[in-house]
Amino acid sequence: MLYKLWPDESLLPSFRPTFESYLVQVEALSYEFASLMSEAFGLGPHGLDRFYDDMTGRTMQHRAKVVKYPAVKDGEEGQGVGPHYDAGFLTFLLQASPHRGLQVQNLAGEWIDAPPIPDTFVVNIGKALEFVTGGLARATSHRVVSPQAALGEEATPRYSVPFFQNIGLDVRLGEHVLEFPPEILALRDARGNVAKTDSVNFSEFDREPSGKVNLIGRVKSHPDVAQMHYPELFKQYFPDGLPESGKGSARLFDLILILIVRPVCNIEDAGYCVMLDQRIASEQYDGTNWLEFKTKIRAAAKQRGVLGYLDGTIPCPPSPAEVALAAAAAAALVQGTTKGSPTRPSTPTPSPTTFATAYWGLTTPTYDEWQQRDAWTQGLISLNVKNAIGLGIKLDGTAAETYASIASIKDAVSDLGCITAEAELNAIKYNDGSDMDEHVATLRTAWIKANGQGAGITDTKFRMVVLKSLPPTWLPFIGSLYAEPTSTGVIARISAHSKMILSIVPGAGASLKALSTSTSNSKLRNPHLKCTNCSKPGHELATCFQKGGGKEGQFPEWWRGKKVGSAAQTTASATTTHVAASAIASTNEDSFYAFSTQHATSVTARNADGSLKTFGDSAASDHYFAARADFHDYVEEARMGETATGEKFRILGRGTVRKVSVVNGKRINISFMNVLHAPDFTHNLVSIGRLDRGGYTVQFGGGKLRVQP
Ligand SMILES: O=C(O)CCC(=O)C(=O)O
Ligand SMILES: [Fe+2]
């Protein structure tokens, strides 16, 4: 009879999935380890397979327990485990607390300590493996002495979690002879005679099936229990009644433990089992980090091939008992209706298990396999959850039910949260005159928040959000930002622009608006004119230099690259009061600043010497100079440019412009590279964005624009 007694979930939250998952993995490890040992014995990787039943696991008798060794109080006799062998092939012992206590007997017969080493198992060789290998692998004689307190300290209990890998219940080791290569046997012989050990148990392997040997082992270890439940066997091994030491030995297991065929046990702290690959995140799910948890859990499940268990798309196949019942019912029905010959209920042939397989996604599971994988998957969830009970997570069903108990609420909540957060982000608007840095910070915070909720707003999208957050008064400026592909670029430009505006009209929101809308007027001298000859704005047929124009071929002096005389320039209109949202920078003012700013509407576009004024323009994508004479390294490049408001102007070439600024009596040479030649402009424009990208610091303040390398 197979008992599965689990402690109440509410008393030990997560214990069952934790432990089941632990067992699945330690069992897989045990097969892997046995296979490696088999190779080391010269038997190939499958040399020991025959002892594991038919590999269906149906009559396997692996066991595990969680053991608490109470601390020894002063003057008390300790409870430990006397010298013994383990019964099966291999034991994987997890020493779950830092206490010493485990001891093993070496070949000389001396007892030596096997203290706990973090993240390791102690692997014992069991008596059955010694038997089938003819002593090649020696069974590990071991014992446990009770934990003693260090001087002056209070003793604490020792915990251990052994997993005993056993062999098929029906296997009689006496019937199996393994053929070892001579060089392997030579190794054993070279060891010579070894000391006798203090352990004596499990000597019946030569005659009894292994299940019975195990039972005898239990009877010998716990005579008082055997007397009660196996009186026949008890009499056979204890003809003189209960031995003195036998009474004591029951106390050895006055520990929190239950032993059954598929192992289950009790534990004080399920956290001890948390050590294998199911702990995927350093931070566990605590009810707030759903997205991170979900992503990691799903990735881990996918890697292991158990996503179907998480999502519930792999249904549990009927148990062998259910299949048998259904078959019997069907047979009865056939008998009843057709009166034909009785049909034997068919027992399903279990497919070989894949206990040691790391990837579980490919097979159609048997009932047992399904149970194991489901338990593993549930462990995956529960091991990564901080307080499953507190969070209302269902742990008493399938893994899919457990997952759904979190996901159904969390996904809905986070979808909602994501929509809300995105809406909040889109609702943030900039008010003219307010602090742009603050506005940008608010946007960024909302962006991070929305993405934290899973909104997945890319930088490209965020760039648009930033632009959309600006009021309509900024539209002309926004037009100049299309060349900025990143949100950072856009933010740098709008920040610089807003600082400039504020510095020109300190604290005046309304004026700012006026200033930024003043771009509705053009940089062209005569924007209202449009040439019927060359179709370009800014001049008429009568003044057109192009073929067919009134001034065909009569290009001014500067057009041919000659030095521009002030006379030539004075013809330019000085009535321009409508420049782009720009600061004004004079290149020939004797000031500390390379450029000084002035309100666009209060100045003419000319310096005292008649040369064109230069404007620092945070909206301009390029530097524009109007006078050909200012250019060096000039390359012709005839095309049309366009202002933010859509007006066209001519670009005739590109080159380097050198200007001299006098700062504190010192002449400073400034070179503007890649400047576009725009002859229709009434003033020069220096692009703040380009200065910024060129590594210059551009500062506005005190009515001036300061450019520093
Ligand atoms: O608790 C331990 O460290 C070992 C226990 C043990 O050897 C056993 O139960 O067989
Ligand atoms: Fe043991």
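Heavy atoms only: backbone and side chains are in, while hydrogens, waters and symmetry mates are out. Because the structure is a prediction, the values reported are computed rather than measured. Just follow the structure's listing: the first ligand is 1, and inside any ligand the first atom is 1.
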Please walk me through it: do Ile406 and Phe293 pass side chain to side chain contact (heavy atoms under 4.5 Å, CB included)?
CA-CA 11 Å; Ile406 320 174; Phe293 171 78; 4.0 Å; yes

Plane angle bin for Phe41 and Phe180 - parallel if under 30°, tilted between 30 and 60°, otherwise perpendicular:
perpendicular

Which atom of Asp86 approaches the Fe ion (ligand 2) most closely (N/O/S)
OD1

Between Asp311 and Thr313, do the side chains contain a donor N or O and an acceptor N or O under 3.5 Å apart?
no

Enumerated ligand 1 atoms positioned under 4.0 Å from heavy atoms of Phe164:
8 (C), 9 (O), 10 (O)

List ligand 1 atoms under 4.0 Å from His84, heavy atoms only on the residue side.
6 (C), 7 (O), 8 (C), 10 (O)

Numbering the atoms of ligand 1 from 1, which are under 4.0 Å from a heavy atom of Val144?
1 (O), 2 (C), 3 (O), 4 (C)

Using distance alone, decide if ligand 1 has a nitrogen or oxygen within less than 3.5 Å of any nitrogen or oxygen in Arg158.
yes

For Gln95, state whether at least one heavy atom is located under 4.0 Å from any atom of ligand 1.
no

Is the ring pair Tyr309/Trp370 parallel, tilted or perpendicular, if the boundaries are 30 and 60 degrees?
tilted

Rounded to 10°, how big is the angle at the Fe ion (ligand 2) from His84 NE2 to His142 NE2?
90°

Sub-4.0 Å heavy-atom contact, Asp86 with ligand 1:
yes

Taking all non-hydrogen atoms of both residues into account, name the closest pair between Gln95 and Arg158 and its distance.
OE1-NH2, 2.8 Å

Under the criterion ring pair (Phe, Tyr, Trp, His ring centres under 6.0 Å), which of Phe89, Tyr31, Phe92, Phe164 is the partner of His62?
Tyr31

At less than 4.0 angstrom from any non-hydrogen atom of Tyr69, what atoms of ligand 1 do you find?
1 (O), 2 (C), 4 (C), 5 (C)

Going by the side chain to side chain contact (heavy atoms under 4.5 Å, CB included) test, name the single residue among Val132, Leu178, Ile167 that passes it with Arg50.
Leu178

So if I count the atoms of ligand 1 from 1 in the order they appear, which ones are less than 4.0 Å from some heavy atom of Lys65?
8 (C), 9 (O)

Should you measure from each heavy atom of Ser160, which atoms of ligand 1 turn up under 4.0 Å away?
1 (O), 2 (C), 3 (O)

Pair Gln371, Cys316 - check side chain to side chain contact (heavy atoms under 4.5 Å, CB included), show working.
CA-CA 8 Å; Gln371 294 289 344; Cys316 180; 3.9 Å; yes

Would you check, one step at a time, whether the test side chain to side chain contact (heavy atoms under 4.5 Å, CB included) holds for Asp86 with His142?
CA-CA 9 Å; Asp86 295 341; His142 58 286; 3.1 Å; yes

Heavy-atom distances under 4.0 Å are what count here, so tell me which part of Leu93 touches ligand 1: side chain, backbone, both or neither.
side chain

Between ligand 1 and Arg143, can you find any atom pair, the residue atom being a heavy atom, that is separated by under 4.0 Å?
no

